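Single-structure report; data block below.
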Amino acid sequence: MLRLALRSARAHWRRFVLTVVAVVLGVSFVVGSFVLTDTLSASIDHLLADATGHTDFVVRAASESGGGGGDFGEGGGIAGSRGSVPAELLTRIRAVVGVTEVDPTVIGEAELLDKAGKTSNFDFTAISNWPDHPEMSAVRLLAGRAPANPDEAVIDTTTARDRQLELGSRLRVATRRGVISAHVVGLAERGGGNLGIAGTILAFTTPRAPNSWALPGRLTASACESPRG
């Protein structure tokens, strides 16, 4: 059988070579897809673990906002996303026995403009308030400081590098409330690294949110922390 196989391979060597190449390529693609899937899964798990590792529970709306057709959701955030909660809920959460820290979040939709005010890259990103307790949301400053005034912002290091921005640079952001501008006062990153939009940071002060991308008296969510046992 071995001699017959070798004789057949010599007689039809082109077909033999093509068959071997096809098998090798097929196995390589299958192995590569498994490696890529496992790598992405591990990266996402790591990002989520970093983002929630210091948060015991999150308070948010029970259902979607129902926003669509380019309209604001209930909280002024991304259309079709989960609805918002009233800001008055913070007082009730802080009164819960065992809760030591509460960090409100106001998230919206935005697009960075280039220096000419154009939307050349269509790079939509999430705009939010800078957290009062950054460790609870796995963001950390690498340079500069947190925003203290309405015209100040913190961005992630990847966006800063891609847009050639640095501390002191002025950026313009298009939101559904109009175009806002600010000076970059801080460069930050998420604990899980940069994984697409999940790793982007575009943060302003909390008081600016109702006038720029959200609705007065509404929050996207509230992260809460209790004592570690």
Side-chain angles (χ1 to χ4, degrees), residues 1-58 60 62-70 73 77-82 105 107-114 118-128 131 134-143 154-166 173 187-203 220-221 223:
M1 289 295 295
L2 179 59
R3 291 179 179 178
L4 179 61
L6 293 176
R7 189 181 302 115
S8 177
R10 284 195 299 268
H12 307 283
W13 65 271
R14 293 184 179 86
R15 183 172 60 187
F16 176 76
V17 170
L18 290 176
T19 300
V20 172
V21 171
V23 172
V24 171
L25 289 177
V27 173
S28 299
F29 278 123
V30 172
V31 172
S33 64
F34 280 123
V35 171
L36 177 62
T37 301
D38 290 343
T39 302
L40 288 176
S41 178
S43 298
I44 293 174
D45 289 343
H46 184 55
L47 178 65
L48 293 177
D50 279 342
T52 60
H54 297 280
T55 301
D56 292 308
F57 64 95
V58 176
R60 59 181 184 175
S63 60
E64 292 186 354
S65 63
I78 300 173
S81 62
R82 191 176 294 271
T105 303
I107 301 176
E109 191 177 38
E111 183 177 4
L112 283 174
L113 304 180
D114 59 22
K118 305 292 185 179
T119 57
S120 57
N121 297 326
F122 296 99
D123 50 350
F124 287 95
T125 186
I127 184 172
S128 67
E135 70 280 357
M136 293 176 63
S137 53
V139 295
R140 62 189 182 113
L141 282 170
L142 298 182
V154 172
I155 61 175
D156 61 278
T157 53
T158 300
T159 300
R161 182 179 64 250
D162 294 342
R163 290 304 190 97
Q164 298 181 345
L165 298 171
E166 57 186 13
V173 182
L187 301 177
E189 70 173 9
R190 296 193 184 277
N194 190 0
L195 187 62
I197 194 172
T200 61
I201 300 172
L202 179 58
T220 303

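All figures in this text were calculated on a predicted structure; none of them were measured in a lab.
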Quiz item: Among V31, V24, V30, which one satisfies side chain to side chain contact (heavy atoms under 4.5 Å, CB included) with V27?
Solution: V31
Quiz item: Looking at side-chain heavy atoms only, is the closest gap between L112 and T159 below 4.5 Å?
Solution: yes
Self-check item: For V21, the option from L18, L25, V23 that meets side chain to side chain contact (heavy atoms under 4.5 Å, CB included)
Solution: L25
Practice problem: Supply the atom-to-atom distance I201 CD1 to E189 CD, rounded to the nearest 0.5 angstrom. | Solution: 7.5 Å
Practice problem: Determine the minimum heavy-atom distance between V139 and P131, stating which atoms define it. | Solution: CG2-CG, 3.8 Å
Exercise. Keeping the roles fixed (side chain from D156, backbone from T200), state whether a donor-acceptor pair exists under 3.5 Å.
Key: no
Practice problem: Quick one: pull up CG in L141 and OG1 in T157 and give me the separation to the nearest 0.5 Å. | Solution: 11.5 Å
Practice problem: To the nearest 0.5 angstrom, please state how far the CG atom of L142 sits from the CG atom of L187. | Solution: 7.5 Å
